[in-house]
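The block underneath contains the structure these notes are about, expressed in structure tokens.
Numbers here are sequence positions counted from 1. Both ligands and their constituent atoms are indexed starting at 1 by order of listing.
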Amino acid sequence: MESKKYVYLFSEGNASMKNLLGGKGANLAEMTTLGIPVPQGFIVTTEACTKFYEDGRKIADSIIEEMKNAIADLESKTGKKFGSTENPLLVSVRSGARVSMPGMMDTILNLGLNDEAVEGLAKLTGNPRFAYDSYRRFIQMFSDVAMGIEKRYFENVLDSVKEAKGVSLDTDLTADDLKEVVVKYKEIYKKEKGEDFPNNPVDQMVASVQAVFQSWENPRAIVYRRLNDIPGDWGTAVNVQAMVFGNMGADSGTGVAFTRDPATGENVIFGEYLINAQGEDVVAGIRTPQPISKLQEEMPKCYKEFYDIAHKLENHYKDMQDMEFTIEQGKLYFLQTRNGKRTAQAALKIAVDLVEEGLLTKEQAILKVDPKQLDSLLHPTFDPAELKKTEVIAKGLPASPGAACGKVYFTAEDAKFAHDKGEKVVLVRLETSPEDIEGMIAAEGILTVRGGMTSHAAVVARGMGTCCVAGCGEVSVNEEEKIFSVGGKTYREGDYISLDGSTGNVYGGAVKTQTPEISGHFGTFMKWADDIRKLKVRTNADTPRDAKQAIEFGAEGIGLCRTEHMFFHEERIAAVREMIVAKTEEQRRKALDKILPMQKGDFIEIYEAMQGNPVTIRFLDPPLHEFLPTSEEDIADLAEEMGLELEELKNTIASLHEFNPMMGHRGCRLSVSYPEIAEMQTRAVIEAAIEVKRRHGSDVVPEIMIPLVGEIKELKYVKDIVVKTADSVIKNSGVELQYKVGTMIEIPRAALTADEIAKEAEFFSFGTNDLTQMTFGFSRDDAAKFLKDYYEKKIYESDPFQKLDQNGVGKLVKMAAELGKSTRPNIKLGICGEHGGDPASVEFCHEVGLNYVSCSPFRVPVARLAAAQAQVKNRK
Ligand code: PEP
Ligand code: MG
């Protein structure tokens with residue numbers, strides 16, 4: 001049997017091999033084929049990474065052999081040799097997963113340097129200072145990234161040598177000074193590792209590849225994967241590439257550029273570079289780079305070549321490209337290209353422009369925008385009138401658009417902690433690093449003192465759709481004391497500031513925000529999505545306000561109106577409590593009489609807001625623990641209201657205590673015990689519809705939904721009450737009105753007997769919150785506490801309450817849909833659990849043939865796009 005290949009030369013791959021070669025590797029191979037100047041190299045595949053873990057975190061000898069052969073090939077292509085004292089081959093080692101994971105994985109540069117090769121490099125370049133500077137950088141990176149030795153040991157040595165020499169900048173150190181640094185660095189290595197720094201380039205390479213594989217499982221990579229739905233078993237590839245040097249003098253440099261502006265989508269080359277700098281200097285945000293337009297003045301020939309290749313790449317990939325390049329003594333090289341990360345605004349503009357430029361069809365364009373990204377466009381922006389009233393205390397770079405207002409925190413940990421307590425947080429840092437990811441996720445906005453538009457903070461924030469102001473040098477931050485000052489004023493932890501990620505302005509105080517609307521490119525793009533999709537999108541809305549918002553976001557009806565949620569207000573909850581604790585039918589009817597007008601009023605406004613679109617009203621489903629009064633004061637108030645003795649009421653409340661309220665006396669079970677509840681609700685639903693018809697002459701077809709059904713007879717029992725009440729109200733009104741009665745499928749038994757249930761139900765709506773809870777057998781209220789252990793131990797990769805478990809819960813959905821249709825072929829099928837707004841789950845709903853998904857108003861546009869993408873993908 002021919003053995004499997006784990007190492008590919010760039011010349012052996014292409015862009016379609018992303019799963020095997022990783023995104024970066026596949027694109028390097030593709031660029032090689034296109035004849036673009038790329039320093040040559042090879043890729044150790046993602047399968048080698050998977051094997052590394054299968055083999056107990058060990059790289060197989062046969063793979064090491066393949067790597068050595070690839071090095072031999074590289075040596076012959078470049079005419080250089082590993083460890084040579086004449087013409088040494090130096091390589092970079094970088095990670096490259098299928099999709100880019102910015103800042104998540106680690107890079108090692110200048111690999112191949114040792115005590116001999118450094119002399120070779122000095123001779124070759126005639127620049128011993130450069131050679132020793134490269135060597136000391138390599139030792140530091142290898143020690144830190146591959147061997148886990150803390151950076152600060154090396155930084156301290158560098159600082160002390162600078163101090164001893166009386167210089168302040170690294171660039172003021174001479175070759176001899178750097179030789180001294182190298183000796184000291186190696187001492188650190190020996191002290192920390194108990195062995196000499198590896199002199200053999202092959203050993204260096206194997207250790208580095210191993211380190212990249214290991215970094216796939218580092219905590220920040222795991223967090224990023226969970227956030228972006230990236231499966232843990234994909235693994236990462238490793239790219240080993242011949243080094244080119246951007247730090248060989250004034251005719252060298254390195255940069256990062258995008259073919260279009262990643263913040264606005266404008267069709268102009270956008271980027272930054274640094275003269276005489278290496279690799280990560282630009283993205284690390286330590287020196288502030290020059291805009292790419294300057295390159296046109298400084299090196300016109302290189303710029304022209306760069307510009308032409310950039311366009312060639314964009315046309316080839318039919319998408320905006322994010323490229324890294326290096327100029328070594330006047331010669332341009334491309335080190336990487338990939339589809340660039342962009343803000344939601346930019347994504348929409350680029351998608352629309354690419355169609356108008358004839359590069360993409362509308363269907364292809366639909367796939368270019370991540371539905372989850374739209375979220376950032378749907379959240380508030382600053383109210384301009386409010387802005388005028390608040391002082392701009394500083395201005396930085398507009399790194400990621402949006403508005404943020406929150407309390408200042410200075411560490412990722414503090415930010416996360418405050419966020420978990422329910423605070424709105426702005427994370428203020430000198431600069432961010434991948435360790436800060438959880439704090440960045442928690443923050444409304446991020447402010448950094450250092451770094452450009454491609455700094456870690458900027459790139460990651462744009463990817464997450466979080467507002468970010470970067471490179472705000474006017475602000476001086478003292479992270480230890482947890483204060484920052486600007487313009488003579490000091491801000492402390494917990495003080496409010498506001499950030500505008502579109503202008504870079506920082507405001508000293510809280511600024512009120514306003515709701516956005518869907519217009520411009522967003523509107524055009526969403527129209528295309530709507531034309532393509534088959535799945536309808538409704539909303540879960542319990543108030544007229546939410547219903548109006550959802551209509552603005554394109555909802556085509558209400559899929560779930562949770563009537564118990566209409567009573568969360570203080571002035572209303574008493575009536576519901578009264579109903580719950582009522583001991584006699586008379587007491588209960590008294591409470592229901594108070595509830596009826598409130599419900600009817602809300603329903604009228606909701607029907608009006610929905611402008612003739614269907615409205616599904618779910619009958620009361622109050623888990624008792626959420627509604628019973630607990631404080632002495634509330635209990636006393638209720639007793640007074642009901643004319644009861646305090647003790648008597650307390651006893652009633654105690655008797656209503658349930659050990660497992662989620663599985664308790666809720667949903668249709670309440671109406672089975674107390675039919676007058678269903679009676680009152682039917683009256684409210686139908687009377688409101690009649691009223692709207694009278695007022696506007698327009699038809700409303702209310703859909704009454706009975707929750708928590710598990711048995712056909714219980715559905716029939718409640719339905720009979722509904723039909724009897726509704727028909728009599730309609731008859732008495734003299735108005736003609738249609739209505740439907742259906743059920744939620746949220747109890748496994750309902751799914752299992754869906755063919756029977758469909759005899760009574762005119763529609764099903766999958767309540768996948770309860771269906772998930774009851775299929776897994778873990779409580780919605782408590783699971784979060786232990787599910788984190790399941791993520792850590794890789795038992796689950798994502799939260800089944802957010803992303804539908806297609807294999808288990810999904811199987812029940814599919815089966816129930818089929819059973820339902822077998823009884824009632826035109827049965828209407830929808831979903832109204834949280835999953836209705838999750839793109840992957842929406843795709844599943846499309847595949848199993850549901851008619852609509854229903855989700856919270858802010859996720860309606862997300863679901864509309866996800867539904868269109870599902871249609872395009874299915875058609876393919
Ligand atoms: C559900 O269970 O999925 C559902 C939508 O109902 P609720 O979340 O109100 O229980
Ligand atoms: Mg439910």
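At the Mg ion (ligand 2), the angle from OE1 in Glu746 to OD2 in Asp770 is 90° when rounded to 10°.
For an aromatic pair to be called close, the ring centres must be under 6.0 Å apart, and Phe776 with Tyr796 satisfies this.
When the heavy atoms of Glu564, His835, Arg780, Glu746 are ranked by distance to atom 10 (O) of ligand 1, first place goes to Arg780.
Contacts with ligand 1 closer than 4.0 Å are made by no heavy atom of Glu834, backbone or side chain. Heavy atoms of Asn540 found under 4.0 angstrom from ligand 1: none, in either backbone or side chain. When non-hydrogen atoms are compared, ligand 1 lies under 4.0 Å from the side chain of Arg666 (C-beta onward) but not from its backbone. Proximity of Gln773 to ligand 1, defined as any heavy-atom pair under 4.0 Å, is not found for any part of the residue.
Residue contact check: Asn769 has heavy atoms under 4.0 Å from atoms 1 (C), 2 (O), 3 (O), 4 (C), 5 (C), 8 (O) of ligand 1. Annotation for ligand 1: atoms under 4.0 Å from non-hydrogen atoms of Leu560 are 5 (C). Of all atoms in ligand 1, listed by their number and element, those nearer than 4.0 Å to a heavy atom of Gly767 are 1 (C), 2 (O), 3 (O). The Arg618 neighbourhood of ligand 1 comprises atoms 6 (O), 7 (P), 9 (O), with distances under 4.0 Å to a heavy atom of that residue.
The pair Glu585-Arg589 counts as a salt bridge, with a side-chain nitrogen and a carboxylate oxygen less than 4.0 angstrom apart.
With rounding to the nearest 0.5 angstrom, the NZ atom of Lys536 is 9.0 Å from the NZ atom of Lys828.
Here the rule is side chain to side chain contact (heavy atoms under 4.5 Å, CB included) with Leu708, and of Arg618, Met744, Met774, Glu714 only Met774 fits it.
Summarising the local packing, CZ of Arg226 is surrounded by more than 12 heavy atoms from other residues, nucleotides or ligands at distances under 6.0 Å.
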